[in-house]
Amino acid sequence: MRLKVKQQSKAIRNRVSDTYQDVDHSVGTNLVWVHPVKTGMNHALAPFIANIAVYLGTLIGALLLYGTYAKFVPIVGRFKSFAFLETAAILLSIIGSLFTSWSITGFMGLGGSQFANLWLNHGLEIFGSLNFNLILVLLLGQIGTALNIFLTMIQVVSGAGMIPLVTLNSFFKGAHYISPMFYSIQADFNIMFGGSQAGMYLGQLVLLALGILIVNIVIVTFRKHQPILDFHQLS
């Protein structure tokens with residue numbers, strides 16, 4: 001009797017083993033590595049705060065650069081004046097991003113390699129943002145700054161510095177593709193807290209900046225007269 005029971009038990013175990021032998025290969029795992037952020041909103045929102053501060057600076061900077069550009073057009077021509085404008089934008093990008101990156105590195109206790117990456121990221125952001133804000137100003141004159149403020153508000157959301165991109169509606173998801181702030185914010189997250197996608201976002205920011213520059217060159221080519229307000233007449 002005992003022998004029969006043992007044989008039946010063995011037969012059952014063999015059938016169970018045959019039935020479930022592939023179970024261990026039927027479940028896949030997807031490990032998602034999370035890079036921790038230090039406690040405090042000052043750390044969690046650091047990429048967003050830094051980039052919106054820089055972007056607001058470029059909003060005013062584009063207006064000032066345009067005023068100088070428009071005054072020099074009758075003297076040296078619009079193409080040479082535009083070349084001077086872009087030279088000034090490059091110098092502002094280098095110097096402004098140097099100060100910004102130094103401040104971020106000091107306040108957050110980051111290392112030298114992170115400082116270099118932040119310098120590159122914010123230099124690209126400043127150059128791209130200056131040219132982005134110049135699009136409407138070159139088209140409409142100084143009044144274009146009013147519309148740029150509206151575009152800035154859109155980028156505050158689509159930049160995904162406070163709210164993840166996947167939770168945004170289709171409008172803001174679409175807007176992030178042409179937002180210099182989005183790529184810079186995401187690169188900052190990777191640089192400050194760790195991640196392997198900083199290079200990808202920096203590459204996309206380079207392409208966006210070049211695309212915006214080409215748009216401005218086209219505008220300068222066809223926009224022969226630069227509208228400029230005389231603020232003394234408005235007072």
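All values derive from a computational prediction rather than experimental measurement.
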Checklist entry - Taking C-beta and beyond as the side chain, do Leu136 and Leu151 meet within less than 4.5 Å on heavy atoms? => result yes
Checklist entry - Backbone N or O of Leu118 within a donor-acceptor pair of the Ser101 side chain at under 3.5 Å? => result yes
Checklist entry - CG of Asn148 to CG of Leu140: how many Å apart, nearest 0.5 Å? => result 9.0 Å
Next on the checklist: What I want to check is whether the side chains of Tyr55 and Gln155 have a donor and an acceptor closer together than 3.5 Å.
Outcome noted: yes
Checklist entry - What are the two closest non-hydrogen atoms of Leu168 and Ser158, and how far apart are they? => result CD1-CA, 4.1 Å
Checklist entry - In the single-linkage hydrophobic clustering (I, L, V, M, F, W, Y; side-chain heavy atoms under 4.5 Å), do Phe84 and Ile219 co-cluster? => result no
Checklist entry - Hey, any chance Leu210 and Ile178 share a hydrophobic cluster, counting ILVMFWY side chains that come within less than 4.5 Å of each other, even indirectly? => result no
Next on the checklist: If you count heavy atoms of other groups shown closer than 6.0 angstrom to NZ of Lys173, is the number above 12?
Outcome noted: yes
Checklist outcome for this item: OG of Ser129 to CG of Leu124, rounded to nearest 0.5 Å, is 10.0 Å
Checklist entry - Would one find more than 12 heavy atoms of other residues, nucleotides or ligands at under 6.0 Å from atom CZ of Phe115? => result yes
Checklist entry - Has the side chain of Thr145 got a donor or acceptor atom that lies under 3.5 Å from a matching backbone atom of Gln142? => result yes
Checklist entry - Going hydrophobic residue to hydrophobic residue with side-chain gaps under 4.5 angstrom, can you get from Val157 over to Met41? => result yes
Checklist entry - Just by modelled atom types, is the Pro164 backbone N or O under 3.5 Å from a matching donor or acceptor in the Thr167 side chain? => result yes
Checklist entry - Using a distance-only test with no angle check, is there a side-chain donor-acceptor pair under 3.5 angstrom linking Asn216 and Glu86? => result no
Item to check | Ile154 side chain near Phe171 side chain, heavy-atom distance below 4.5 Å | outcome: yes
Checklist entry - Going by heavy atoms in the side chains, are Ile217 and Thr221 under 4.5 Å from each other? => result yes
Next on the checklist: Please enumerate all residues that pass side-chain contact (heavy atoms from CB on, under 4.5 Å) together with Ile95, with sequence neighbours excluded.
Outcome noted: none
Next on the checklist: If you apply the rule side chain to side chain contact (heavy atoms under 4.5 Å, CB included), what do you find for Ile135 with Asn131, and how did you get there?
Outcome noted: CA-CA 7 Å; Ile135 292 176; Asn131 277 281; over 6 Å; no
Next on the checklist: Is the ring pair Phe182/His176 parallel, tilted or perpendicular, if the boundaries are 30 and 60 degrees?
Outcome noted: perpendicular
Checklist entry - Just wondering, do Val156 and Phe48 contact through their side chains at under 4.5 Å, heavy atoms? => result yes
Checklist entry - If you draw a 6.0 Å radius around CZ in Phe99, do more than 12 non-hydrogen atoms from other residues or ligands fall strictly inside? => result no
Checklist entry - Is there a side-chain contact between Gln186 and Gln197 (heavy atoms, below 4.5 Å)? => result no
Next on the checklist: For the CZ atom of Phe193 and the CG atom of Asp188, what is their distance to the nearest 0.5 Å?
Outcome noted: 8.5 Å
Checklist entry - Between Leu165 and Ala160, what is the shortest heavy-atom contact and its length? => result N-CB, 3.9 Å
Checklist entry - Checking Ser81 side chain against Gly77 main chain: does a donor-acceptor pair fall under 3.5 Å? => result no
Next on the checklist: With a 3.5 Å distance limit and no angle check, can you tell me whether Asn51 reaches the backbone of Met181 through a side-chain donor-acceptor pair?
Outcome noted: no
Next on the checklist: If we check side-chain contact (heavy atoms from CB on, under 4.5 Å) with Leu110, which of these qualifies: Asn117, Thr105, Ile191?
Outcome noted: Thr105
Checklist entry - Looking only at atom types and distance, does a side-chain atom of Ser93 sit under 3.5 Å from a main-chain N or O of Phe127, one as donor and one as acceptor? => result yes
Next on the checklist: Would you compute the distance between atom CG of Asn133 and atom CD1 of Ile60 and round it to the nearest 0.5 angstrom?
Outcome noted: 9.0 Å
Item to check | Point-to-point distance, once rounded to the nearest 0.5 Å, from CD1 of Ile94 to NE2 of His122 | outcome: 15.5 Å
Checklist entry - Using 30° and 60° as the class limits, which term best fits the ring planes of Phe82 and Tyr69: parallel, tilted or perpendicular? => result perpendicular
Next on the checklist: Give me the atom names and distance for the closest heavy-atom approach of Ile126 to Gly96.
Outcome noted: CD1-C, 3.8 Å
Checklist entry - Within a reach of under 6.0 Å around CE of Met153, are more than 12 heavy atoms found that belong to other residues, nucleotides or ligands? => result yes
Checklist entry - Is there side-chain contact between Leu85 and Leu134, with heavy atoms separated by less than 4.5 Å? => result yes
Checklist entry - Under 4.5 Å between side-chain heavy atoms, hopping through other hydrophobics if needed: is there a path connecting Leu98 to Met108? => result yes
Next on the checklist: Could you tell me if the side chain of Leu208 sits less than 4.5 Å from the side chain of Ile212, heavy atoms only?
Outcome noted: yes
Checklist outcome for this item: Taking every heavy atom of Gly128 against every heavy atom of Ala209, the minimum-distance pair comes out as CA-CB, 4.0 Å
Next on the checklist: For the CG atom of Leu56 and the CD1 atom of Ile149, what is their distance to the nearest 0.5 Å?
Outcome noted: 9.0 Å
Checklist entry - Would a hydrophobic clustering, with Ile, Leu, Val, Met, Phe, Trp and Tyr connected at side-chain separations under 4.5 Å, put Leu213 with Leu120? => result yes
Checklist entry - Step by step, would you call Leu45 with Met162 a side chain to side chain contact (heavy atoms under 4.5 Å, CB included)? => result CA-CA 7 Å; Leu45 293 180; Met162 296 184 296; 3.8 Å; yes
Checklist entry - Judged by atom type as modelled, is there a donor-acceptor pair below 3.5 Å linking the side chain of Arg78 to the main-chain atoms of Val220? => result yes
Checklist entry - Can you find a heavy atom in the side chain of Ile104 that is under 4.5 Å from one in the side chain of Met192? => result yes
Item to check | Partner set under side-chain hydrogen bond (donor to acceptor under 3.5 Å, both in side chains) for Ser97, not counting sequence neighbours | outcome: Trp119
